[in-house]
2 protein chains.
Amino acid sequence: MLVGMDDPRWLSSQEQRAWRAHLTVHRLLSHQLDRELHEAGLSLNDYEILVNLSESPRHRMRMSDLADATVQSRSRLSHQISRMEAAGLVTREHCEDDRRGMFAVLTGLGWETIQRVAWDHVASVRHHFIDRLTADQVTALETIYAPIVDHLQRVRAGKAS
Amino acid sequence: MLVGMDDPRWLSSQEQRAWRAHLTVHRLLSHQLDRELHEAGLSLNDYEILVNLSESPRHRMRMSDLADATVQSRSRLSHQISRMEAAGLVTREHCEDDRRGMFAVLTGLGWETIQRVAWDHVASVRHHFIDRLTADQVTALETIYAPIVDHLQRVRAGKAS
């Protein structure tokens, strides 16, 4: 037992169960989705980047925007993009209006790849997650999480602590 | 737009918002908790391993049980434990009753470390997550996630697909 566990600011067992359930669902699900994508030669991180680029105008995003969208540091994203560049899924291009800025751009192979794997991936998300919730629970999850996402995005932007 | 988006098995926008909210909360929160633990020289993965060991009898766990508890492959855990061993937080010991088995064991420094950082970490979990939920929402999260955890653990154990 850790010090301070009788302090009311410690998590109650109910709170601890909710927090651990969130963590455990995420870990088990990431592990499973990653394993299933692996059969198509992708990681879950690769997939998220391909989805973001495929949904952007001209299939390209500034590296800084892509880092924000996928919630990772620019240096980690840069390593990730180098690996994906080597696999032929994306390329880097200089921004025309900003010499220091770089875009990540989906290649033809990247676009074919996301079209090929997206369906199976979404079927997995449905099978392992969405279909195990009632319609009310789907709505509840969004309601529960929206203010937390809002808070954490403010923290990330340096507008809250 | 990806092919097949008009297929009813694709996610509805409500389902997609719930799924993305889950992903985004997890990413933003992991990022923030990892950053705060970094000040104490730990990663979120280190922390989870220290917590698991500190809550186990004689502060030790079989490597295979620790891999299950923290939802990672044995090879990834082995690298992680090597780094933590180099930092003096854990050691490895042979199991007495199973020559091929190994335990990960918390060191004195590991125990001091988890006692020192746990309080701040839990305060962060409370600040960024629990305190942004009503008591009903805390209960709802556990209810929503319990069957998903159960399903995914069965998948991991090879008892479901």
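By convention in this document, chain letters (A, B, ...) are assigned in the order of the sequence lines, proteins followed by strands, and residues within each chain are numbered from 1. These numbers come from the heavy atoms of this one structure, side chains and all, not from hydrogens, waters or symmetry mates.
Put simply, CZ on B:Phe129 and OH on A:Tyr145 are 4.5 Å apart, with the number rounded to the nearest 0.5 Å. Atom OG1 of B:Thr70 is separated from atom CG of A:Leu23 by 11.5 Å, given to the nearest 0.5 angstrom. Within the model, atoms OG of A:Ser161 and NE2 of B:His127 stand 4.5 Å from one another, a figure rounded to the nearest 0.5 Å.
In terms of heavy-atom pairs under 4.5 Å with chain A, the best-connected choice from B:Arg132, B:Arg35, B:Gln72 is B:Arg132. Note on B:His22, B:Gln14, B:Glu48: by heavy-atom pairs under 4.5 Å with chain A, the leading option is B:His22. Counting heavy-atom pairs closer than 4.5 Å to chain A, the top residue among B:Thr143, B:Val25, B:Asp131, B:Val125 is B:Val25. Heavy-atom pairs under 4.5 Å with chain B were tallied for A:His31, A:Gln137, A:His151; the largest tally goes to A:His151. Per-residue counts of heavy-atom pairs under 4.5 Å with chain B were compared for A:Thr134, A:Val122, A:Ile144, A:Thr139; the largest is that of A:Ile144.
Classification of A:Arg20 and B:Glu142 as a salt-bridged pair fails, no side-chain N sitting under 4.0 Å from a carboxylate O.
Both A:Ile81 and A:Met102 are members of a single hydrophobic cluster when ILVMFWY side chains are connected at heavy-atom separations under 4.5 Å. A single hydrophobic cluster is not seen to contain both B:Leu50 and B:Phe103; linkage of ILVMFWY side chains at heavy-atom distances under 4.5 Å, directly or through other members, places them apart. A:Val90 and A:Val105 are not part of a single hydrophobic cluster, where members link through side-chain heavy atoms under 4.5 Å apart. Under a hydrophobic clustering in which Ile, Leu, Val, Met, Phe, Trp and Tyr are joined whenever their side-chain heavy atoms come within less than 4.5 Å, directly or via other members, B:Val155 and A:Leu29 fall into different clusters.
Inter-residue side-chain proximity for B:Ile148 and A:Leu133 is flagged as met; some heavy-atom pair is nearer than 4.5 Å. By the 4.5 Å heavy-atom criterion applied to side chains, A:His128 and B:Leu152 are counted as neighbours.
Only the side chain of B:Leu33 comes within contact range of chain A, with heavy atoms under 4.5 Å apart. For B:Arg27, the parts lying near chain A are the backbone and the side chain together; criterion is any non-hydrogen pair under 4.5 Å.
Annotation for B:Val138 and A:Ala18: closest pair O-CB, 3.5 Å, computed over non-hydrogen atoms.
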